[in-house]
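The model shown is predicted, which means the values in this text are computed figures rather than measured ones.
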Amino acid sequence: PNIDLVELPRLKLAFTARCDHEGVLRLYSVDHVDIFIFNESNLFTDKIFRGIPHSLLLSNVRGEMQVLVPVIEPKRPTILTEPFSTFIVPSFTNLVLLSERYFLYP
């Protein structure tokens, strides 16, 4: 089965499948013209995403990349065996209350 639509309801974003000018099928943003999900990885993108695994790499037909990062509240979970842990997990619980749901960084 083909995927025609991908929705990110917490971010109020949607992506539709369509072919670009070279005939490559890509997931294009419904809200932002000419931006699609970029799924090719290299050493540069792997290094960037190591620090923000909850982000999404976007690109346009000119090869200009942007990083979509959701607005989240970082939480430090309670770990009884490590009370001073620096481990942080993203919390999406208060996302509904925020006016900005994500940021696009060039």
**Student:** After noting the C-alpha distance and the side-chain angles of Ser55 and Phe49, does the key distance pass the side chain to side chain contact (heavy atoms under 4.5 Å, CB included) rule?
**Tutor:** CA-CA 7 Å; Ser55 61; Phe49 287 116; 2.8 Å; yes
**Student:** Taking only residues two or more places apart in sequence or in another chain, which ones pass side chain to side chain donor-acceptor pair (under 3.5 Å) with Asn42?
**Tutor:**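 In terms of side chain to side chain donor-acceptor pair (under 3.5 Å), with neighbours along the sequence ignored, Asn42 is linked to Thr45.
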**Student:** Please report the closest heavy-atom contact between Arg101 and Leu11, naming both atoms and the distance.
**Tutor:**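 Closest heavy-atom pair between Arg101 and Leu11: O-CD2, 3.3 Å.
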**Student:** So which pairs with a foot in residues 48-60 pass salt bridge (Lys or Arg N to Asp or Glu O under 4.0 Å), sequence neighbours left out?
**Tutor:**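 Non-adjacent pairs meeting salt bridge (Lys or Arg N to Asp or Glu O under 4.0 Å): zero.
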**Student:** Is there a chain of hydrophobic side chains (I, L, V, M, F, W, Y, each step under 4.5 Å between heavy atoms) that links Phe36 to Leu5?
**Tutor:**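 Shared cluster, no.
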**Student:** What closest approach, in Å, do Asp31 and Lys12 show between heavy atoms, and which atom pair accounts for it?
**Tutor:**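 Asp31 and Lys12 have their closest heavy atoms at OD2-O, 3.6 Å.
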**Student:** Partners of Phe38 by ring pair (Phe, Tyr, Trp, His ring centres under 6.0 Å), sequence neighbours excluded?
**Tutor:**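 Counting only residues at least two positions away or on another chain, Phe38 forms no ring pair (Phe, Tyr, Trp, His ring centres under 6.0 Å).
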**Student:** Please identify each residue that fulfils side chain to side chain contact (heavy atoms under 4.5 Å, CB included) with Pro77, with sequence neighbours left out.
**Tutor:**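 Result, side chain to side chain contact (heavy atoms under 4.5 Å, CB included) vs Pro77: Phe87, Val89.
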**Student:** Which donor-acceptor pairs under 3.5 Å do the side chains of residues 13-25 make with protein atoms, sequence neighbours left out?
**Tutor:**
{"residue": "Asp20", "atom": "OD1", "partner": "Glu22", "partner atom": "N", "Å": "3.0"}
{"residue": "Asp20", "atom": "OD1", "partner": "Gly23", "partner atom": "N", "Å": "3.0"}
{"residue": "Asp20", "atom": "OD1", "partner": "Val24", "partner atom": "N", "Å": "2.8"}
{"residue": "Asp20", "atom": "OD2", "partner": "Arg26", "partner atom": "NE", "Å": "2.9"}

**Student:** If you group Ile, Leu, Val, Met, Phe, Trp and Tyr by side-chain heavy-atom gaps below 4.5 Å, do Val30 and Tyr102 land in one group?
**Tutor:**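 Not linked; separate clusters.
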**Student:** What pairs of donor and acceptor atoms, side-chain ones from residues 57-70 against any protein atom, are under 3.5 angstrom apart with sequence neighbours left out?
**Tutor:**
{"residue": "Asn60", "atom": "OD1", "partner": "Arg62", "partner atom": "N", "Å": "3.0"}
{"residue": "Asn60", "atom": "OD1", "partner": "Gly63", "partner atom": "N", "Å": "3.1"}
{"residue": "Asn60", "atom": "OD1", "partner": "Glu64", "partner atom": "N", "Å": "3.0"}
{"residue": "Asn60", "atom": "ND2", "partner": "Glu64", "partner atom": "OE1", "Å": "2.8"}
{"residue": "Arg62", "atom": "NH1", "partner": "Asp34", "partner atom": "OD2", "Å": "3.4"}

